Amino acid sequence: MNTQEQVGAEARYQAALNEGRFLIQRCEGCGRHVFYPRVVCPHCGGDSLAWVEPKGTGVVYSTTTVRRKPEAGGDYDVSLIDLDEGVRMMSRVEGIAPTEVKIGMRVRAKVIDNKGAGLVVFTPEEAR
Amino acid sequence: MSLADLRGKTAIVGVGLAGCGEARGMTDMEILAQAATKAVADAGLTMKDMDGLCTANLMSAIWPLNVVEYLGLQPKFVEGTNVGGSAFVAHQLPSMMALATGVCDAVLVCYGSVQRTGTMGRKERTAARNVLDPNPYEAPYQPFNPPSSYALVAARHMHQYGTTRRQLAEIAVAFRRWAQLNPEAFSREPLDIETVLKARMITDPFTAYDCCLVTDGAAAYVMTRADRAKDLKKKPIYLLSNATAVWHRSVIGMRDLTVSPSKESGERAFAAAGLGPKDIDVVQVYDAFSINVILALEDLGFCKKGEGGPFVENGAIGPGGRLPVNTNGGGLSCVHPNMYGAFATIEAVRQLRGECGERQVKGAKTAVVNGNGGNAAASQSTSVLATAEAL
Ligand SMILES: [Zn+2]
């Protein structure tokens with residue numbers, strides 16, 4: 001019996017984010033990148049997934065502005081970002097008004113502190 | 001054996017609705033039981049005849065047990081697969097197989113929810129589900145789900161194909177016009193395109209008119225074998241086919257936001273039925289959001305991909321239009337108690353029976369039902385139904 005505690009993919013991903021590092025996975029079987037983190041590759045079924053640092057750049061695939069009362073914090077962006085590695089994630093684009101986030105916009109990832117936990121958000125590339 | 005071998009072997013012989021709109025003071029189970037009682041009586045059968053059961057509920061993972069106990073059933077066939085709101089369409093294929101093989105003789109499909117007026121309302125129900133079934137890769141970004149996920153779908157469709165908010169508004173207005181012909185519909189006051197366009201945004205590009213209602217409601221129907229169906233009280237409505245496709249769980253897993261699993265479920269369902277979109281008289285699609293209707297019409301082949309927007313223009317899917325869609329008023333204007341699949345099925349049956357009064361599509365002999373489930377068109381289930389003349 002294995003009594004040693006394991007660190008699953010989900011916990012490992014968040015632990016890296018909490019240290020300010022954004023990692024995704026790459027399958028050693030088929031070579032494709034994988035997100036969100038898993039213990040098995042959804043493309044080929046392989047169970048050997050290496051952690052890699054993405055370039056951090058990508059493009060807005062779709063976007064919506066969630067409307068919220070100003071006293072509750074105001075409107076905010078929810079976007080789907082296609083990373084240049086070929087995987088998609090949900091995130092938000094910061095640094096511009098949520099209604100100014102457009103499909104096709106080039107963006108760059110950064111890790112922020114969200115109530116004590118690391119979180120990936122994006123900013124427009126040209127704004128840097 | 002293939003799916004086509006089940007064509008016309010089973011029929012829907014009884015339908016019932018209860019607690020639609022507001023069912024203050026009632027529970028999910030109580031209105032479900034009322035709808036079930038009506039469906040069984042409509043078929044000319046008794047509850048004791050129900051030796052098959054299909055049911056699901058978002059609040060209990062083992063809901064069929066609750067229903068068995070409450071209704072006093074002892075089924076030989078139980079199906080509780082929950083693929084979201086399409087479940088009560090997706091329950092048809094296993095029921096067709098169970099009936100055709102003689103595993104059981106009569107299947108009761110039933111659902112009920114008092115999400116609008118219940119002591120545990122929609123907000124509390126959503127919060128509880130997020131605890132039990134978390135999505136850590138979406139939750140920190142606070143999408144207002146399900147609307148935000150479908151808004152992302154709509155935004156991408158608009159970007160890729162030039163679909164407009166006015167075209168989405170056409171859908172809300174068409175279904176409202178159907179609802180005005182349906183005394184059982186929840187929202188019947190007049191609605192025009194300008195009102196939809198000027199309404200406050202909730203999650204762009206959606207206003208409240210793009211989002212389904214939040215109502216109470218229960219729906220039940222009874223299926224049996226074709227040989228037995230002929231001797232029952234009501235005109236049997238035959239199931240020519242049913243197919244379900246599940247491609248993802250949530251919007252981050254939807255590879256192409258402009259194509260839903262209806263593409264696959266529709267192809268399989270039409271092939272087994274031996275019919276195509278041009279043969280269909282009336283369409284019932286799960287309109288959780290306005291964009292669902294465009295995806296369904298495209299993916300089922302009523303128009304080409306990207307042409308759903310122009311297709312719905314000028315009242316084309318409303319009363320008097322070229323294709324009658326959601327003749328009860330749909331989830332947008334008739335009823336939407338969280339999971340709508342059974343309600344879409346029942347409206348198709350009523351149309352094919354000719355029971356729809358002012359909103360009746362004259363001479364309707366064939367219908368398509370398309371169920372939708374999950375936070376982003378994750379599961380789709382398509383059925384083709386027909387009267388005896390179209391068998
Ligand atoms: Zn792989």
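Below, chains carry the letters A, B, ... as their sequence lines are ordered, and counting in each starts from 1. Keep in mind the model is a prediction, meaning the values are calculated, not measured.
- For A:Met89 against B:Tyr141, the heavy-atom pair with the smallest separation is CE-OH, 4.3 Å.
- Judged by distance alone, with hydrogens and angles left aside, the side-chain atoms of A:Tyr76 form a donor-acceptor pair with the main-chain N or O of B:Gln142 at under 3.5 Å.
- B:Asp204 places a side-chain heavy atom less than 4.5 Å from the side chain of A:Arg67.
- Across all non-hydrogen atoms, the minimal contact from A:Glu10 to B:Pro136 is OE2-CG, 3.6 Å.
- The neighbour count for A:Arg68 CZ, taken as heavy atoms of other residues, nucleotides or ligands under 6.0 Å away, is above 12.
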> Run the side chain to side chain contact (heavy atoms under 4.5 Å, CB included) check on B:Met254 and A:Leu80 step by step: do they pass?
Replying inline: CA-CA 11 Å; B:Met254 188 174 183; A:Leu80 295 174; over 6 Å; no

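- For B:Thr203 and A:Thr64, the side-chain atoms include at least one donor-acceptor pair closer than 3.5 Å.
- With a 4.5 angstrom heavy-atom cutoff, A:Val120 touches chain B via backbone and side-chain atoms both.
- For chain A, the nearby parts of B:Asp256 are the backbone and the side chain; heavy atoms of each come within less than 4.5 Å.
- Residues B:Ile252 and A:Tyr36 approach most closely at CD1-CD2, 3.9 Å, considering heavy atoms.
- For chain B, the nearby part of A:Tyr13 is the side chain; its heavy atoms alone come within less than 4.5 Å.
- Rounded to the nearest 0.5 Å, atoms NE2 (B:His159) and OG1 (A:Thr63) are 11.5 Å apart.
- Heavy atoms of A:Pro98 lying under 4.5 Å from chain B are absent altogether.
- Annotation: side chain of A:Val66 is not in contact with side chain of B:Ile202 (no heavy-atom distance under 4.5 Å).
- A donor-acceptor contact shorter than 3.5 Å links the side chain of B:Arg156 to the backbone of A:Tyr61.
- Here the closest non-hydrogen pair linking B:Val251 and A:Met90 is CG1-CE, 3.6 Å.
- The shortest non-hydrogen separation linking B:Pro140 to A:Asn114 is CB-ND2, 4.2 Å.
- Within 6.0 Å of the CZ atom in A:Arg21, the count of heavy atoms belonging to other residues, nucleotides or ligands does not exceed 12.
- The number of heavy-atom neighbours closer than 6.0 Å to CG of A:Asp47, taken from other residues, nucleotides and ligands shown, is 12 or below.
- Within 6.0 Å of CZ in A:Arg12 there are 12 or fewer heavy atoms belonging to other residues, nucleotides or ligands.
- Using the six-membered ring where Trp is involved, A:Phe35 and B:Tyr137 have ring planes that are perpendicular, over 60° apart on the 30 and 60° scheme.
- Surrounding OH of B:Tyr161 are more than 12 heavy atoms belonging to other residues, nucleotides or ligands, all under 6.0 Å away.
- Minimum heavy-atom separation, B:Leu257 to A:Ser62: CD2-CB, 4.1 Å.
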